[in-house]
Amino acid sequence: MINHLLRYSVVAALIFVTDAARAATVLVSNHSFETPVTAAATFTGGMASAPSGWSVYNTGATNADRQFGVWNPSTTNSFVGGAPDGANVGVVFLQNTTGLAEAGLQQVLTASLQVLTQYTLTIDVGNFSNVDPGPFNFTGFPGYRVDFFAGSTLIASDNNTLSPGEGIFMTSVVTFTTGGSHANSGEQLGIRLVNLNGPGTEVNFDNVRLDASTVPEPSTALLVIIGAFCTVFRRYRNSLIS
Ligand SMILES: [Ca+2]
Ligand SMILES: [Ca+2]
């Protein structure tokens with residue numbers, strides 16, 4: 001009987017905790033790079049012109065062979081399945097010039113780091129295919145990094161763990177969970193999408209999503225389980241008496 005009570009109590013507690021941990025979407029401006037609207041097979045951008053909502057992160061700012069913006073892959077063979085979301089994808093195009101380092105797109109969010117919260121940052125990362133002959137060599141994949149910041153502090157990162165094939169997008173997932181306190185709580189969240197400037201010239205990004213779920217303190221979860229157990233036990237005892 002006690003086993004049954006314990007099982008019911010844990011289930012009740014899990015229902016409570018799950019309900020409390022519902023995810024909320026955190027606003028990422030121009031999260032799918034659909035602004036500016038761009039015609040099929042067209043790049044819109046420039047040396048220092050990031051898409052709306054984003055800014056350029058460029059450690060080689062004076063080099064003209066670095067381009068940032070959006071690309072509409074429709075009617076081209078740059079990606080096997082086209083854009084993962086909407087019409088456009090984000091572009092970080094770096095000619096692999098000796099001595100120059102990584103670059104990318106970045107954004108400071110309006111939301112700030114909260115305690116007792118689990119963050120899940122999900123981004124599609126693409127390898128521009130070299131199928132269509134042109135003036136640039138897209139053979140290979142330069143490597144990528146997704147950085148997640150609170151203020152100027154890097155709190156989580158995906159440093160090139162995926163290896164998408166030519167013309168393929170893969171999904172990067174970065175998670176970070178705060179406890180009851182954090183040194184950077186209250187500081188604005190930030191996202192940086194980086195091309196590591198290896199062979200292949202271009203890395204593309206799309207559909208940047210950030211979810212935040214509240215998590216109960218461990219002591220709270222334990223109290224919920226104990227409370228649920230006591231409630232079920234009391235009902236059982238009352239049923240024996242009546
Ligand atoms: Ca898109
Ligand atoms: Ca490529």
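As the structure is a computational prediction, the values presented were derived from the model and not from experiment. Start at 1 and go down the list; that is how both ligands and their atoms are numbered.
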Mind checking whether Val92 and Val146 sit in one hydrophobic cluster, side chains of I, L, V, M, F, W, Y counted as touching below 4.5 Å?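 Val92 clusters together with Val146.
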Within Asn207, is some N, O or S atom less than 3.0 Å away from the Ca ion (ligand 1)?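 It does not: Asn207 brings no N, O or S atom closer than 3.0 Å to the Ca ion (ligand 1).
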For Glu102, the option from Val203, Asn58, Leu196 that meets side chain to side chain contact (heavy atoms under 4.5 Å, CB included):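 That would be Leu196; it is the only one of Val203, Asn58, Leu196 passing the side chain to side chain contact (heavy atoms under 4.5 Å, CB included) with Glu102.
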With the Ca ion (ligand 1) as the reference point, give the N/O/S atom of Glu34 that is nearest.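 Closest N, O or S atom of Glu34 to the Ca ion (ligand 1): OE2.
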In Asp85, the N, O or S atom nearest to the Ca ion (ligand 1) is which?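 Going through the N, O and S atoms of Asp85 one by one, O ends up nearest to the Ca ion (ligand 1).
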Locate the shortest heavy-atom distance separating Asp206 from Val89; write the atom from each residue and the value.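 Nearest pair, atom of Asp206 first, then Val89: OD2-CG1, 3.9 Å.
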About how large, to 10 degrees, is the angle OD2 of Asp206, then the Ca ion (ligand 1), then O of Asn88?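 The angle at the Ca ion (ligand 1) comes to 80°, rounded to the nearest 10°.
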Classify the ring geometry of Phe138 against Phe136: parallel below 30°, tilted from 30° to 60°, perpendicular beyond 60°.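 The arrangement is perpendicular - the two ring planes meet at more than 60°.
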Is a salt bridge present between Asp147 and Arg145, judged by a nitrogen-to-oxygen distance below 4.0 Å?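 Judged by the 4.0 Å cut-off on N to carboxylate O distance, Asp147 and Arg145 do form a salt bridge.
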Under the salt bridge (Lys or Arg N to Asp or Glu O under 4.0 Å) criterion, do Arg209 and Asp85 qualify, and how do the steps go? CA-CA 11 Å; Arg209 291 144 284 168; Asp85 184 71; over 6 Å; no
Protein N/O/S atoms closer than 3.0 Å to the Ca ion (ligand 2):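 For the Ca ion (ligand 2), the protein N, O and S atoms that sit under 3.0 Å away are Asn127 OD1, Phe128 O, Phe138 O, Gly140 O, Glu166 OE1.
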The criterion is side-chain contact (heavy atoms from CB on, under 4.5 Å); which residues satisfy it with Ala156, sequence neighbours excluded?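 If we apply the side-chain contact (heavy atoms from CB on, under 4.5 Å) test to Ala156, skipping adjacent residues, the hits are Phe148, Val174, Phe176.
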How about Trp54 and Phe33: are their ring centres within less than 6.0 Å of each other?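 Trp54 vs Phe33: aromatic centres under 6.0 Å.
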